[in-house]
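Report on one structure; see the data block that follows.
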Amino acid sequence: MGGVGLFYVGAVLIVNGLMLLGHISVKGAVPLNFFVGGLQVVTPTVLILQSGGDAEVIFAASGLYLFGFTYLWVAVNGVTDWSGEGLGWFSLFVAVAALGYSWHAFTAEADPAFGVIWSLWAVLWLLFFLLLGLGRSALAPAVGVVAVVDGVITAAVPAFLIVSGNWETGTLPAAVIGVIGVSAVAFAVPLGRRLAVSPEVNAPAATVAAR
């Protein structure tokens with residue numbers, strides 16, 4: 001995933017996490033989801049069309065659609081108030097696919113940092129499945145916490161380091177990202193209760209998501 005696109009993935013994950021915590025309204029999160037979702041669909045399409053059939057380029061571009069479709073779907077649901085169940089089940093597909101991309105990063109690419117990052121994305125999208133696909137609206141604040149943390153450690157910070165020429169993969173960054181990410185999941189429920197605006201304010205986002 002290119003550094004520029006990844007940077008804005010971080011932004012939209014943070015915004016969507018804040019939405020689930022009740023700090024941003026559902027409709028307030030719609031524009032950025034449209035912007036980033038569109039970017040994550042147009043970019044891989046252009047890359048594939050210009051790839052000349054290069055399998056590595058096509059594979060690298062293919063994963064972007066998983067996120068582009070997610071954010072566009074969030075935006076459409078926010079505008080139309082459509083049910084989030086379909087997005088939830090698609091999120092399960094994304095979670096499983098992310099495990100495959102994680103395995104590829106660890107093995108074929110020898111990139112442990114992004115192997116961990118893809119694994120954390122698999123966990124986050126699994127949480128989206130529980131929230132949306134299975135209608136577990138009580139999980140909204142906890143999922144919001146994980147989304148915000150992942151937006152920072154798996155997207156915004158790595159992307160900034162990539163575009164500034166300071167990114168280095170390896171065991172140490174993989175371990176740091178992994179520890180922070182796993183800790184966010186482990187403490188998501190109590191942190192969500194503390195950081196959510198209030199159950200009443202948070203209810204609209206959770207209700208729209210799970211409806």
Side-chain angles (χ1 to χ4, degrees), residues 1-20 24 26-51 55-105 114 117-137 139-140 143-144 146-148 150-151 154-156 158-159 205-206 208-211:
M1 184 179 294
V4 174
L6 184 61
F7 190 68
Y8 294 101
V9 166
V12 78
L13 283 177
I14 292 169
V15 165
N16 288 343
L18 292 173
M19 175 186 70
L20 291 171
I24 298 175
V26 173
K27 292 190 182 299
V30 163
L32 187 62
N33 278 276
F34 269 129
F35 298 152
V36 179
L39 178 67
Q40 297 297 96
V41 169
V42 172
T43 299
T45 301
V46 172
L47 291 174
I48 290 172
L49 291 175
Q50 296 180 345
S51 68
E56 292 186 5
V57 173
I58 293 173
F59 179 83
S62 65
L64 301 182
Y65 288 113
L66 297 171
F67 306 104
F69 292 156
T70 296
Y71 306 133
L72 287 177
W73 206 329
V74 169
V76 170
N77 283 0
V79 170
T80 63
D81 290 340
W82 286 347
S83 168
E85 294 174 354
L87 175 56
W89 284 93
F90 175 68
S91 295
L92 179 60
F93 176 86
V94 175
V96 175
L99 292 176
Y101 284 93
S102 174
W103 171 81
H104 188 270
F114 266 90
I117 286 172
W118 275 105
S119 296
L120 292 176
W121 287 338
V123 173
L124 178 58
W125 262 257
L126 178 61
L127 292 175
F128 289 151
F129 164 67
L130 296 177
L131 174 64
L132 303 172
L134 300 186
R136 306 290 175 81
S137 58
L139 289 175
V143 179
V146 178
V148 170
D150 280 4
T154 70
V208 169
R211 172 163 70 217

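For the numbers below, each heavy atom of this structure counts, side chains included, while hydrogens, waters and symmetry mates do not.
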From [X] [atom1] over to [Y] [atom2], what is the distance, rounded to the nearest 0.5 angstrom?
X: I117; Y: D150; atom1: CD1; atom2: CG; answer: 9.5 Å
X: L64; Y: L39; atom1: CG; atom2: CG; answer: 8.5 Å
X: E85; Y: N77; atom1: CD; atom2: CG; answer: 10.5 Å
X: N33; Y: L72; atom1: CG; atom2: CG; answer: 8.5 Å
X: F129; Y: L124; atom1: CZ; atom2: CG; answer: 14.5 Å
X: F90; Y: L66; atom1: CZ; atom2: CG; answer: 5.5 Å

Please find the pair of heavy atoms, one from [X] and one from [Y], that lie closest to each other, and give the distance.
X: A156; Y: F7; value: O-CD1, 3.6 Å
X: A61; Y: L47; value: CB-CB, 4.1 Å
X: S102; Y: S119; value: OG-OG, 2.8 Å
X: K27; Y: D81; value: NZ-OD1, 4.5 Å
X: T45; Y: Y65; value: OG1-OH, 2.7 Å
X: L99; Y: A122; value: CD2-CB, 3.7 Å

#### Entry: Criterion side-chain contact (heavy atoms from CB on, under 4.5 Å) on L132 and W73, from CA distance to verdict
CA-CA 12 Å; L132 303 172; W73 206 329; over 6 Å; no
### Task
Answer yes or no: are there more than 12 heavy-atom neighbours, outside F93 itself, under 6.0 Å from its atom CZ?
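Atom CZ in F93 is not crowded, with 12 or fewer foreign heavy atoms closer than 6.0 Å.
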### Task
Just do the side-chain contact (heavy atoms from CB on, under 4.5 Å) check on Y8 and F35 with the steps written out, would you?
CA-CA 9 Å; Y8 294 101; F35 298 152; over 6 Å; no
### Message
Check whether Y101 reaches the backbone of F114 with its side chain - one donor and one acceptor, N or O, closer than 3.5 Å.
### Response
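It does not hold such a pair.
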#### Entry: Partner set under side-chain contact (heavy atoms from CB on, under 4.5 Å) for W125, not counting sequence neighbours
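For W125 the side-chain contact (heavy atoms from CB on, under 4.5 Å) partners, ignoring immediate neighbours, are L13, F67, T70, Y71, S91, V94, A95, W121, F128.
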### Task
Evaluate side-chain contact (heavy atoms from CB on, under 4.5 Å) for W118 paired with T154, printing each intermediate quantity in order.
CA-CA 8 Å; W118 275 105; T154 70; over 6 Å; no
